[in-house]
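This report concerns only the one structure given below.
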Amino acid sequence: MSTGTDTQGPPRTRTPAESVTPVLVRLKLSLLRNGLRQSAGRRAAYLTTTVLVLLIAALQLIGLIALRGNAHATAVAVLLGAILAVGWAVMPLFFPSGDETLDPTRLVMLPLRPRPLVRALLAASLVGIGPLFTLCLLAGSVISVAHGPAAYVTAVLGAVLALLVCVALARAVAAANLRLLTSRRGRDLAVLSGLVVAIGAQVVNFGAQRLGSAGGLSRLDPVADVLRWVPPASAIGAVRSVSEGSYGAGAVQFLLSVAALAGLLALWTRHLTRLMTSPDGSTLQSAEPAARERSSTGLSRLLPAGRTGTVMERSLRYIWRDPKTKAAWVTSLAIGLIVPVFNALQGTGSIYFACFAAGMLGIQMYNQFGQDTSAFWIVAMTISSTRDAYVELRGRALALLVITLPYATFVTVLTTAMLGDWPKLPEALGLSFALLGAMLATGAWSSARFPYSIPQEGYKNVAPGQAGLAWISIFGGMVSAALLCAPVIALTIWLNVAADGDEWTWLLLPLGATYGALLSLLGLRLAAPRTARRLPEILAAVSKG
């Protein structure tokens, strides 16, 4: 029998804090490996994505190297470094659950000090496709501006330094907003991703067209002259300065990136200490009563009485509170405005592009019951007749019109003002209203005929096995809406071609609005009996996810 003082073998020595780094790196590799073991589909998706990303990175690397000797290579390289930093900064806000190492509070119960933990997390963050892609672009950037042995040495150090600054920036932003990002309300930040992607794509398109015009890459030079002193782009600027023999300026630019890295690490350490030592809301009792009365927002007083107003209020609250519904609306609102406005700015737009706003918002009428997910059973219990189904669909359509009608009008008027084509405003509004009415009609019928579930968690908008239903519902409905608008489109073309048709184009506004209203009413009438008959099937379909 052994006593408390007996020992078996040599006594254990305390593990140094520095050994945390290889442990967390192996942990990151284990997370990646175990994630791929979950299913063959996940492995295939990961490998396909990896190959595509590496292919794009290789092409970008070759393109940047091909810029060597070009007079504007520095401008492109410096601007690319700044764009990479911005991308790393905003990525944690849009995809807070994309990397398990973003949440250091999982390590809060371990005896770890903040500074060694920061070094370990920084090393673990360098494992992945994202850092490799960034390193390829940074390597191409520094190679394109490096000339001479001293510049090559600076290029190696500058690329590594810029990568560390990007990763540290992402982790500092994630740590500063971790309480928000891991909360349910904080995940609503992800709805901005659709807006940013939509705006970013149009900005890139607009910028590319401007660069392709007179001046070309020379337009980037004034911006690059400023950004080459801003970390981490200053690390790339240091390579260029050393290549030109300006060693003093290169040293200052390099030290600016070093100072930025030190500052970000200090900020990250500070937030990490606060996260791991201070209690959060889950460990503290709320100071307010759990069942406090909430004052009315006044929304119900502005809506019709009865079931119609109740349905409208519920739908509007879904738009404001449900993350998936809000994301869809934000994206549609952004794209519906960006497409006509950016085309007008480029001088290639048409007033008929304003109909894009009505089309994007009309899509929100599709799969109305799927947006309720499993909560639709509560609504289904209140539908016992065709009349109940009609009032339910009418309330949802009216809630959509509260937003879409003024928005489509605003976009059309704005596009007309930018183009200066005021005589065509009535026909553009008439087409928008007719298209919106057609999409409300087909959307109501499609919601009853092809319902599908929208998963609550993750970024998928269709439950597994229902992708075919989603394609039929949305794209089939859009084609049907376009066919229903054919009479108004044909009348518009005929009036514009006819010799004296310009005098009568103003009639397209009341005709288009009336035609759209009639289509909406007809679609609701046809969808109501189908909805009442297929309630069990609809409930089963929308609850699948």
Side-chain angles (χ1 to χ4, degrees), residues 303-319 322 324-325 328 361-401 404 436-456 461-485 515-545:
L303 300 176
R307 176 166 185 155
T308 299
T310 303
V311 174
M312 292 179 65
E313 183 175 3
R314 185 205 325 134
S315 299
L316 293 173
R317 289 187 184 276
Y318 274 177
I319 296 172
D322 181 62
K324 286 294 182 69
T325 306
L361 296 182
I363 294 176
Q364 304 307 316
M365 187 63 188
Y366 294 87
N367 196 35
Q368 277 291 310
F369 307 129
Q371 297 176 9
D372 296 354
T373 63
S374 58
F376 178 68
W377 72 271
I378 301 178
V379 178
M381 292 180 64
T382 66
I383 298 177
S384 57
S385 63
T386 300
R387 174 65 182 174
D388 292 338
Y390 173 76
V391 175
E392 176 72 25
L393 289 170
R394 184 182 63 185
R396 292 172 183 254
L398 289 175
L400 189 142
L401 287 174
T404 54
L436 182 58
M439 297 198 75
L440 290 179
T442 56
W445 188 87
S446 180
S447 296
R449 182 63 182 86
F450 303 108
Y452 58 90
S453 177
I454 302 177
Q456 287 291 91
N461 291 321
V462 182
Q466 294 185 331
L469 287 174
W471 282 91
I472 295 174
S473 173
I474 296 177
F475 288 96
M478 292 172 63
V479 172
S480 301
L483 293 176
L484 289 175
C485 288
Y515 184 73
L518 292 176
L519 284 180
S520 300
L521 292 175
L522 180 61
L524 295 175
R525 292 290 184 184
L526 294 177
R530 180 176 293 273
T531 301
R533 291 195 306 268
R534 299 189 72 248
L535 275 180
E537 292 86 349
I538 296 174
L539 182 59
V542 302
S543 302
K544 184 177 181 180

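Everything numeric in this text was worked out from a predicted model, so none of it was measured.
Here the closest non-hydrogen pair linking G523 and A444 is O-CB, 4.3 Å. Pairing each heavy atom of M439 with each of M478, the nearest pair is CE-CG, 4.0 Å. In terms of heavy-atom proximity, L535 sits nearest to A380 at CD1-O, 3.9 Å. The two residues A527 and A448 have their closest heavy-atom pair at O-CB, 4.1 Å. Closest of all the heavy-atom pairs between A438 and C485 is CB-SG, 3.7 Å. The shortest non-hydrogen separation linking A399 to S315 is CB-CB, 3.7 Å.
The CG atom of L436 sits 5.5 Å away from atom CG of L401, with the distance rounded to the nearest 0.5 Å. Interatomic distance, S446 OG to I472 CD1, rounded to the nearest 0.5 Å: 9.0 Å. Interatomic distance, CG of L400 versus CD1 of I319, reported as 6.5 Å (0.5 Å rounding). The structure places CG of L393 at 11.0 Å from CZ of R525, a figure rounded to the nearest 0.5 Å. Considering CG of L398 and CE of M312, their distance stands at 5.0 Å, rounded to 0.5 Å. Here CZ of R449 is found 10.5 Å from CD1 of I538. Values are rounded to the nearest 0.5 Å.
For T442, the side-chain hydrogen bond (donor to acceptor under 3.5 Å, both in side chains) partners at least two apart in sequence or on another chain are Y366. The side-chain hydrogen bond (donor to acceptor under 3.5 Å, both in side chains) check on S480 picks up nothing, with sequence neighbours excluded. With sequence neighbours excluded, no residue forms a salt bridge (Lys or Arg N to Asp or Glu O under 4.0 Å) with R534. The side chain to side chain contact (heavy atoms under 4.5 Å, CB included) test applied to A389 returns I383, A528, T531, A532, not counting sequence neighbours. For A328, the side chain to side chain contact (heavy atoms under 4.5 Å, CB included) criterion is met by Q364, not counting sequence neighbours. In terms of the side chain to side chain contact (heavy atoms under 4.5 Å, CB included) criterion, residue partners of S447 (sequence neighbours excluded) are, by chain and number, Q368, F369. With sequence neighbours excluded, the residues that form a side-chain hydrogen bond (donor to acceptor under 3.5 Å, both in side chains) with T325 are D322.
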- Derivation of the side chain to side chain contact (heavy atoms under 4.5 Å, CB included) call for V379 and V311: CA-CA 10 Å; V379 178; V311 174; over 6 Å; no

- Check the pair W445, L522 against side chain to side chain contact (heavy atoms under 4.5 Å, CB included), reporting the backbone distance first and the verdict last. CA-CA 10 Å; W445 188 87; L522 180 61; over 6 Å; no

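Contact annotation: the side chain of W377 never approaches that of V542 to less than 4.5 Å [non-hydrogen atoms, C-beta and beyond]. Residues D372 and Y318 form a side-chain contact, since some pair of their non-hydrogen atoms from C-beta on lies under 4.5 Å apart.
The list of salt bridge (Lys or Arg N to Asp or Glu O under 4.0 Å) pairs with a residue in residues 384-393, not counting sequence neighbours, reads R307-E392, R314-E392, E392-R396.
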